[in-house]
Amino acid sequence: MKKPIIEFKNVSKVFEDSNTKVLKDINFELEEGKFYTLLGASGSGKSTILKAINGEIPISKGHIFYDNIDSKNMNFNDLHENISYVSLEDHIFNESILFNLTLGREIEDSKIEKALELFYLRDWINGLSHGLETTLSEISQDISSGQKQRISLARAYLEEKPILIIDEATDAIDKERRYQIEKHLFSMTEKTVIFVSHH
């Protein structure tokens, strides 16, 4: 067994404003380079677990370890050097498609091309008048939620961080492309993937 890259030890979460207990004594270990699907009914705490891993909400009790380091000894920036998070909402900017993929970072063309292929963006971008330099405002009426999700997923892939969290961020993608994308995510060994979907 590989050492756990993420470990929950007796983690509980109570939202104090409503005194709602969402998590109670949760324990699990996630190994490096594996794909995990988080299942549960709406309101069962899936997103709370993901947000706790991502450092967005504090836990009420217990410990979360990242590569054997307690999260209580890490700041938010340190944590996010290792985690890419893609949510159901479309976090894209009114900039060029290239900027949305790279966030202004220098990334090898070959890596960008691979991301475009993996997330079914190449043919669509080839059909745009300015290609990767097309701004979102130029195509605001024609870009779908599924295309926005594929851009967000490609960006997270290009960040090359060891942990990738996907919270319902394939749900707007058409069935065939979604299947192929999820199949690729399942086969990746360079990242630990934590995946939630209603499909």
Side-chain angles (χ1 to χ4, degrees), residues 1-94 100 103 144-146 148-157 159-173 175 178 181-182 185-186 188 191-199:
M1 178 178 174
K2 296 181 180 178
K3 66 178 181 181
I5 193 170
I6 299 172
E7 185 175 6
F8 271 42
K9 283 193 173 181
N10 300 315
V11 171
S12 296
K13 174 62 182 176
V14 178
F15 289 102
E16 295 180 0
D17 55 342
S18 61
N19 199 32
T20 302
K21 182 175 286 187
V22 183
L23 306 177
K24 181 180 179 181
D25 295 328
I26 301 296
N27 292 277
F28 61 77
E29 295 180 358
L30 306 183
E31 292 182 27
E32 184 178 5
K34 290 193 174 182
F35 181 100
Y36 295 91
T37 302
L38 194 57
L39 300 174
S42 294
S44 61
K46 300 187 302 296
S47 291
T48 301
I49 288 174
L50 297 182
K51 288 176 180 178
I53 292 172
N54 199 40
E56 292 181 50
I57 59 172
I59 58 175
S60 305
K61 175 188 165 187
H63 299 271
I64 303 175
F65 294 92
Y66 302 87
D67 206 13
N68 293 323
I69 300 173
D70 195 324
S71 62
K72 294 176 181 177
N73 298 323
M74 302 173 69
N75 63 44
F76 191 78
N77 290 332
D78 289 340
L79 184 58
H80 279 258
E81 288 181 4
N82 296 304
I83 297 176
S84 297
Y85 190 106
V86 191
S87 66
L88 177 63
E89 293 78 24
D90 306 312
H91 294 294
I92 60 175
F93 306 93
N94 188 23
N100 273 281
L103 297 181
S144 69
S145 295
K148 291 176 182 178
Q149 285 190 338
R150 284 184 277 141
I151 290 172
S152 297
L153 288 163
R155 176 174 63 220
Y157 174 81
E159 285 179 337
E160 297 187 325
K161 296 178 181 179
I163 299 168
L164 174 57
I165 297 173
I166 301 172
D167 189 2
E168 300 181 27
T170 62
D171 285 13
I173 300 172
K175 183 177 179 180
R178 185 175 70 242
I181 288 169
E182 292 172 1
L185 292 169
F186 183 79
M188 283 198 306
K191 295 178 185 288
T192 298
V193 181
I194 309 164
F195 182 84
V196 171
S197 174
H198 285 305
H199 295 283

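Keep in mind it's a predicted model, so treat the numbers as computed, not measured.
More than 12 heavy-atom neighbours from other residues, nucleotides or ligands sit within 6.0 angstrom of NZ on K72. Enclosure of atom NZ in K161 by more than 12 non-hydrogen atoms of other residues, nucleotides or ligands within 6.0 angstrom is indicated. Within a 6.0 Å radius of CG in N19, no more than 12 heavy atoms belonging to other residues, nucleotides or ligands are found. Counted within 6.0 Å of CZ on F186, heavy atoms from surrounding residues, nucleotides or ligands total 12 or fewer; the atom is thus considered open.
Here CD1 of I163 is found 8.5 Å from CG of L30. Values are rounded to the nearest 0.5 Å. With rounding to the nearest 0.5 Å, the separation of NZ in K34 from CD in E31 is 3.5 Å. Once rounded to the nearest 0.5 Å, the distance linking CD1 of I49 with CD1 of I64 reads 9.5 Å. To the nearest 0.5 Å, the span separating CG on L185 from CD1 on I166 amounts to 4.5 Å. Taken from OG in S71 to CG in L79, the straight-line distance is 7.5 Å, to the nearest 0.5 Å. To the nearest 0.5 Å, atom CG of residue N82 and atom CD1 of residue I69 are 8.5 Å apart.
Taking both residues in full, the closest heavy atoms of A172 and S145 are given as CB-CB, 3.8 Å, listed atom of the first, atom of the second, then distance. Of all heavy-atom pairs spanning H63 and D70, the tightest one is ND1-OD2, 2.7 Å. K13 and I57 get closest at one heavy-atom pair: CE-CD1, 4.4 Å.
The shortest side-chain heavy-atom distance between I173 and L153 falls under the 4.5 Å cut-off. The closest side-chain heavy-atom distance from E168 to V196 is below 4.5 Å. At a threshold of 4.5 Å between non-hydrogen side-chain atoms, the residues N27 and F8 do not count as touching. In this structure, R150 and I181 have side chains that are in contact, with non-hydrogen atoms separated by less than 4.5 Å. P162 has its side chain out of reach of T192: every pair of non-hydrogen atoms, C-beta onward, lies at least 4.5 Å apart. Contact check for Q149 versus L88: side-chain heavy atoms found under the 4.5 Å cut-off. Taking the side chain as every heavy atom from C-beta outward, S84 and E160 never approach each other to under 4.5 Å. Looking at heavy atoms from C-beta onward, F195 lies in side-chain contact with T170 at the 4.5 angstrom threshold.
Between D25 and K61 there is a salt bridge, since a side-chain N of the basic residue sits under 4.0 Å from a carboxylate O of the acidic one.
Of the candidates S47, S197, S87, S47 is the only one forming a side chain to side chain donor-acceptor pair (under 3.5 Å) with D167.
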Could you go through the side chain to side chain contact (heavy atoms under 4.5 Å, CB included) check for L39 and K46 one step at a time? CA-CA 7 Å; L39 300 174; K46 300 187 302 296; 5.7 Å; no
Decide yes or no on side chain to side chain contact (heavy atoms under 4.5 Å, CB included) for L38 and Y36, but give the supporting numbers first. CA-CA 6 Å; L38 194 57; Y36 295 91; over 6 Å; no
Check step by step if side chain to side chain contact (heavy atoms under 4.5 Å, CB included) holds for Y66 and D78. CA-CA 11 Å; Y66 302 87; D78 289 340; over 6 Å; no
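The main-chain N or O of N77 is found under 3.5 Å from a side-chain atom of N75 such that the two form a donor-acceptor pair.
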